Amino acid sequence: MSSNNPSDKVALLALISLIPIFIFVIGNGWETILAPYVQLGSAPFLDVIAAYLAGVLFAVVAVILAWAVASERVRLRQDSTSKYSWIAYLGLLFVLSGLGTMNWLFKVSESSAFIAETAVKTEDSLTALNQLALGIVLPGTSTQFQRNEETKSKLDGLITQLNGASEAVVAQFKSDQVKAQGDLAAARKHTLTLLEGFETEVNNPLKPGCGEVAQNYIDQIKAMLGTDLNLPSGNCKEAKPEVLIQTYKEEILKAMDRHFGNLDGVNVSAVCVNAPKVKEIAAQIFAIIGSPLKAQGGDCPANGESIFSDTKGVVDHYIGALPQTASEDSSLKAKIVDISQRLEVQMQLMKDMYGSAQMPSKDEAAKALKNAWTEYRTAYKDLSGKVDASKLAALPKSIDEQRIDKIGAIANTIEILISRYDRFSTYPIVLGGILFDMILIAFFLRVEATRTGLKGLTEHEKRLRRISSSFNSTGRKKP
């Protein structure tokens, strides 16, 4: 190209820069396509190298075809012979370049999405089969469950009755204590009144000392305090009034403390909570669970909260130990649990696959997916005859996705792209294979036009060249 125009040089540089990218994209696309067929049999890495070299060769041929298309288009501006040879070049270019480009773009942009979608579908199928397994009805277990619920309900009712009975005993004891305290308070007050009367009578200025009236007060106080009162010996009539009052008063107050006790509050520690009613209810609970209870003990008093918590704890333990599966269903139940656990492991692996920030490689993903599909087929077979046949038939026997192994095979890529026609990301891949070729041809056209000098001709000169070319073409024809 003998042009001093800077734009011509830039166009050439742009073409030279694009060609390696074009070879890289097409070469990688064809390497994936050719890899299954390039088997040298010596070492795996040699197979990879050979596949890459073959892919690069295809890419170089595609570059030459793009050059040929551009050259033919430029030539046709001057020479009208062989008008359609460029179409053959272009068709072969699309086959080599378009397929390689689409395969590379799919591998780079959509293969991970395809694997993720496959993992989601696999998880959905595993979940549906797991739900079917967990929905199996165990006839004996259903009856057992009903009996368990009836037992639990009955025990809950008895626990409630036991708590109510123990609270009623405590409430009655408190009521009796309050009444007793009221009576004691009145008796105490009366005793103090008698003591005041005794003091007044002993200090009576008209007739001081321990006379008949004062002795009557003492007798009434003795009747109130009983044996708790121990008055000093001696004849009270001979004692001095102030000594008599001080001595008797001290002893009477001490006796009142012993006799009436503490009237500040109700002491429930002395109540016998495991009263006959409580023991009767405890006996009914014992008849069901067969375990001894504190409420059945003979010790009195007993703490109400302790009796309730102990009884409830024993009952809860008994309910928790009730069989959840009937003996005749135990084998089937174990099978269901085993199937469900295996399926749930695979479901979690699928979630980890499509939910991770970095998608595993195609080989790792394919291995995990195949394990999940195998587990599905095994579980499906194990459930045969154990579930409703119509429900099982509604699920596929196999969920294998054969195309997972063929990612990179061009036929498989085209099939996947067709199946994903409703996704926007499909169309840039398809159009990319054509657009990339058009860009390369356009770059070649620009350079070829400059190289042949056609770019600098005026419109008149171009018409003259076409006329000359037409004459030359006519002159070569046989008469």
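All values derive from a computational prediction rather than experimental measurement.
- For Lys367, the NZ atom is loosely surrounded, since the number of other residues' heavy atoms within 6.0 Å does not exceed 12.
- Using a 4.5 Å heavy-atom threshold, the side chains of Asp382 and Arg342 count as touching.
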Donor-acceptor list for residues 210-227 side chains, cut-off 3.5 Å, not counting sequence neighbours:
residue : atom : partner : partner atom : Å
Gln215  : NE2  : Asp219  : OD1          : 3.3

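- Checked by atom type and distance alone, the side chain of Tyr248 never pairs as donor or acceptor with a backbone atom of Glu199 at under 3.5 Å.
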Could you walk me through whether Leu231 and Ile252 pass the side chain to side chain contact (heavy atoms under 4.5 Å, CB included) check? CA-CA 8 Å; Leu231 293 175; Ile252 290 172; 4.3 Å; yes
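- Between Leu349 and Leu369 there is no side-chain heavy-atom pair separated by less than 4.5 Å.
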Candidate pair Glu375 and Asn371, rule side-chain hydrogen bond (donor to acceptor under 3.5 Å, both in side chains), full reasoning: CA-CA 6 Å; Glu375 199 62 70; Asn371 289 338; over 6 Å; no
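- Within the 3.5 Å criterion, the main-chain N or O of Tyr380 finds no donor-acceptor partner in the side chain of Ser384.
- Ile399 has its side chain out of reach of Lys121: every pair of non-hydrogen atoms, C-beta onward, lies at least 4.5 Å apart.
- No side-chain heavy atom of Ile319 sits less than 4.5 Å from a side-chain heavy atom of Thr151.
- The shortest side-chain heavy-atom distance between Thr311 and Leu158 does not fall under the 4.5 Å cut-off.
- Side-chain polar atoms of Trp373 and Thr122 form a donor-acceptor pair below 3.5 angstrom.
- Under the 4.5 Å side-chain criterion, counting only non-hydrogen atoms from C-beta, Gln246 is in contact with Glu250.
- The shortest side-chain heavy-atom distance between Thr191 and Leu195 does not fall under the 4.5 Å cut-off.
- Annotation: side chain to side chain donor-acceptor pair (under 3.5 Å) contacts of Thr193 (sequence neighbours excluded): none.
- Between Leu392 and Leu129, some side-chain heavy-atom pair lies under the 4.5 Å cut-off.
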